[in-house]
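Take a look at the structure set out below.
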Amino acid sequence: MTNKIDHRKILDDLFDAFTLLGRGSYVSVYDVKGQVTRYTPAAVDLFGLPGEYIPDGAYNWSDFVHPEDRARYEKIMDNIMQNKSQGYDLTYRTRLNDGTYATLRYIGAVIRDSDGNPELVGGIMINEGLTESTDPITVLRNQYGFFRDLAAAIELKKSCVAVLCGINRMTNINDEHGYTFGNNVLQQTGWLLQEIIGQEGTVYRMDGAKFAFLTESLSPEEVAVKYDKLRRAAQAGLPIENVRQVLSINGGMIHFDGGAADERTIYACMAFAYNDSKFYHNGKLVNYNGAVGKTTHESLELLAEVRDCILMDCKNFSLRYQPVFDAQTEKLTSMEALLCWRSERFGDVSPSAYVPVIESDYLFEELGYWILRRAMEDGLKLLQRKPDLMLNVNISPAQIVDDLLFEEIDKISNAVGFPLKNLCFELTQSCRLIEPDILRRIVRALKRKGILCLIDDFGSGVASIDFLRDLAPNFIKLERDYIMHINDKPGNLQIVRHLSELASELGTKVCLKGVEDSSIRETVKDFPITNVQGNYYSSAITLNELATKFL
């Protein structure tokens, strides 16, 4: 009798501890040996339970779990009872007193006796709701939950590893098998990831076919092991509706320690590393470890300052212009707008230190349109003296796929008074990562508006020849490295000559950038090229310097 009283006291003491930690959440504690579960009164009312203390046999909790989530729930509980897991953090739909289902997150732990057998299993239940923090398809926490959790970790200055991973070619899977099958793929992938991470992190369903997880307990090396396990399982194929669906996975990771960065800055770094994994590393996990010459911590603080400046009407940003010349007459034909940013702490910072990451951030659209407006304002001042002068502006993937792209172009052009026939968009290398059909449609629409289109860094990166044929751009600029080393790297001369001839035969004009000295100019003088650009003629200079020197 005494043992029974002591055992009940242990149950109640642990229950009180969970209630205190839960801060108003629903709480349950299961006494395995005593075969009784205790619930908070609020949980009794929510689920319509027979009482606060419920003995085994009086009910079956599996009956409260949504049929589609039941197998996963039972598997996790079996792992706990078989000593395969020390706790749980899972989300599933649970039947309420009125017969409807709500999505609840269950977080708990198991206490074992000296022989390793489970003695008490308890935790808290958080009613998150389908539209608030939980994804309705996978029943994982969604991206809003991710950003809240990430912000909390930053505020508490926790050392964490965050990973963004996703499924390749999900659109093809939906097209081939249907969206129900595709949703099952997302479910199984999310649950597999949750099973692999276990109690050592939280898994989230992000937008599209992407997932994330956040961990305080795993090192980057341990996270890499977990990620490889996910990739191998996906490559082996997941059982979906009697089909073994083979998947390829991409992943980007960042290790941060709180610092001065916010959650959006960290996510931009994750997205940058994810894209690097997808397009350049065949799905291997890529760790964002900072810009060249800077630590991850310094890079995050730099990026956070860049984002703050964008939010303050692009404070501390300015433009310089590098002239472009006719290859035959060597007279000025156009000018390329180049972004500059100066920080009191970091000094003059090269765009390469922040643009590749910020391009993955929604704020880059704001910066991109600021560049376009400022360049048009500057260019208009020179058109009075040279009406045929072309203005070249780099355009990012975020702007290309922006639904408001054409509306913004018209709004800025009308407000400034800059004619679109004098505008040329330079498609950066990252634009070639956009779906080809989408990019082709947008480029054709730009050309119909009278805007010229140029492919930058032609000859490097992804499918340049295909882009030349399919997009039919007005201009290409050959990869700068080919030109700079045309006289000292074997094969560069032939590459530059052949690519120039190919483009010319297809009706596309060629610009050679990276003409740094007279020897390069002499080498390419007989090539079928239209324009030249480089420090041999002029570096990037201010608008006034360009006007004074060349007009």
Side-chain angles (χ1 to χ4, degrees), residues 319-339 368-396 399-400 405-406 408-410 412-428 431 442-458 468 471-478 480 483 500 503-504 506-515 528-551:
L319 295 181
R320 286 180 176 257
Y321 298 91
Q322 186 167 34
V324 181
F325 300 89
D326 184 279
Q328 302 304 317
T329 66
E330 297 191 330
K331 291 184 178 180
L332 180 70
T333 61
S334 58
M335 60 181 191
E336 179 185 358
L338 298 173
L339 183 65
Y369 291 130
W370 177 88
I371 293 171
L372 182 59
R373 176 181 288 273
R374 179 59 58 86
M376 283 187 175
E377 290 171 346
D378 287 347
L380 188 64
K381 299 173 184 176
L382 302 188
L383 288 185
Q384 298 171 358
R385 300 170 63 178
K386 186 173 175 56
D388 61 346
L389 182 68
M390 295 299 301
L391 171 65
N392 290 18
V393 179
N394 291 289
I395 187 167
S396 73
Q399 289 172 281
I400 281 284
L405 172 65
F406 292 94
E408 289 291 334
I409 291 173
D410 289 338
I412 295 171
S413 174
N414 293 333
V416 174
F418 188 91
L420 293 182
K421 66 182 180 63
N422 291 82
L423 179 63
C424 177
F425 277 147
E426 296 200 11
L427 277 63
T428 62
C431 282
I442 295 172
V443 166
R444 288 174 179 170
L446 289 170
K447 291 167 73 174
R448 284 196 298 270
K449 290 183 71 67
I451 299 171
L452 301 185
C453 291
L454 178 152
I455 297 178
D456 199 7
D457 295 319
F458 183 80
L468 176 60
L471 293 185
N474 303 95
F475 292 88
I476 61 169
K477 281 186 182 179
L478 296 187
R480 186 169 181 264
I483 315 305
S500 300
S504 297
L506 293 175
T508 295
K509 298 176 181 180
V510 179
C511 175
L512 298 189
K513 65 178 182 177
V515 180
I529 56 178
T530 304
N531 300 112
V532 287
Q533 178 182 9
N535 290 335
Y536 172 68
Y537 297 98
S538 174
S539 61
I541 53 181
T542 66
L543 186 73
N544 288 337
E545 289 171 333
L546 186 146
T548 300
K549 190 173 181 179
F550 298 107
L551 294 179

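Computed from heavy atoms alone, side chains included, the values below leave out hydrogens, waters and symmetry copies.
In this structure a side-chain-to-backbone donor-acceptor pair under 3.5 Å is present from Asn474 to Cys453. Judged purely by atom type and a 3.5 angstrom limit, Thr428 has no side-chain atom pairing as donor or acceptor with the backbone of Ser396. Not one N or O on the side chain of Lys477 forms a donor-acceptor pair closer than 3.5 Å with the backbone of Gln533.
Residues Leu319 and Leu339 form a side-chain contact, since some pair of their non-hydrogen atoms from C-beta on lies under 4.5 Å apart. Here the side chains of Asp388 and Lys386 are in contact, with some heavy-atom distance below 4.5 Å. Between Leu382 and Leu546, some side-chain heavy-atom pair lies under the 4.5 Å cut-off. For the pair Met376 and Val393, the minimum side-chain heavy-atom distance is 4.5 Å or more. Taking the side chain as every heavy atom from C-beta outward, Leu454 and Pro473 never approach each other to under 4.5 Å. Inter-residue side-chain proximity for Leu405 and Ile395 is flagged as met; some heavy-atom pair is nearer than 4.5 Å. Side-chain contact between Leu383 and Leu391: absent, with no pair of heavy atoms (C-beta onward) separated by less than 4.5 Å. Looking at heavy atoms from C-beta onward, Leu478 lies in side-chain contact with Ile476 at the 4.5 angstrom threshold.
Shown here for Ile483 and Gly514, the closest heavy-atom pair between the two residues is CG2-O, 3.8 Å. Across Cys511 and Val324, no two heavy atoms sit closer than the pair SG-CG1, 4.1 Å. Of all heavy-atom pairs between Ile529 and Ser500, the closest is CG2-OG, 3.9 Å. When all heavy atoms of Leu389 and Met335 are compared, the pair lying nearest together is CD2-SD, 4.3 Å.
The line from CZ of Phe406 to OG of Ser413 is 13.5 Å long, rounded to the nearest 0.5 Å. Expressed to the nearest 0.5 Å, how far CD of Glu336 lies from CZ of Arg320 amounts to 14.5 Å. Note: Gln399 CD to Ile409 CD1 = 8.5 Å, rounded to the nearest 0.5 Å. Atom-to-atom distance recorded for Phe425:CZ and Leu446:CG is 6.0 Å, nearest 0.5 angstrom. Rounding to the nearest 0.5 Å places CG of Leu512 at 12.5 Å from CZ of Arg480. Between atom CD1 of residue Ile455 and atom OG1 of residue Thr508 there is a gap of 7.5 Å, rounded to the nearest 0.5 Å.
Scanning for side-chain hydrogen bond (donor to acceptor under 3.5 Å, both in side chains) contacts around Asn422 gives an empty result, with sequence neighbours left out.
Ion pair Lys513/Glu426 not flagged as a salt bridge, since none of the NZ, NE, NH1 or NH2 atoms sits closer than 4.0 Å to an Asp/Glu carboxylate oxygen.
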Only distances under 3.5 Å count here; give the side-chain donor-acceptor pairs of residues 534-544 to other protein atoms, sequence neighbours excluded, each with its distance to 0.1 Å.
{"unit_1": "Asn535", "atom_1": "ND2", "unit_2": "Glu516", "atom_2": "OE1", "d": "2.9"}
{"unit_1": "Tyr537", "atom_1": "OH", "unit_2": "Glu330", "atom_2": "OE2", "d": "2.9"}
{"unit_1": "Tyr537", "atom_1": "OH", "unit_2": "Arg521", "atom_2": "NE", "d": "2.4"}
{"unit_1": "Thr542", "atom_1": "OG1", "unit_2": "Glu545", "atom_2": "N", "d": "3.2"}
{"unit_1": "Thr542", "atom_1": "OG1", "unit_2": "Glu545", "atom_2": "OE1", "d": "3.2"}

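Surrounding NZ of Lys509 are at most 12 heavy atoms belonging to other residues, nucleotides or ligands under 6.0 Å away.
Looking only at atom types and distance, the side chain of Asn531 has no donor-acceptor partner in the side chain of Ser334 under 3.5 Å away.
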Stepwise, does the side-chain contact (heavy atoms from CB on, under 4.5 Å) test hold for Lys449 with Leu423?
-> CA-CA 10 Å; Lys449 290 183 71 67; Leu423 179 63; over 6 Å; no
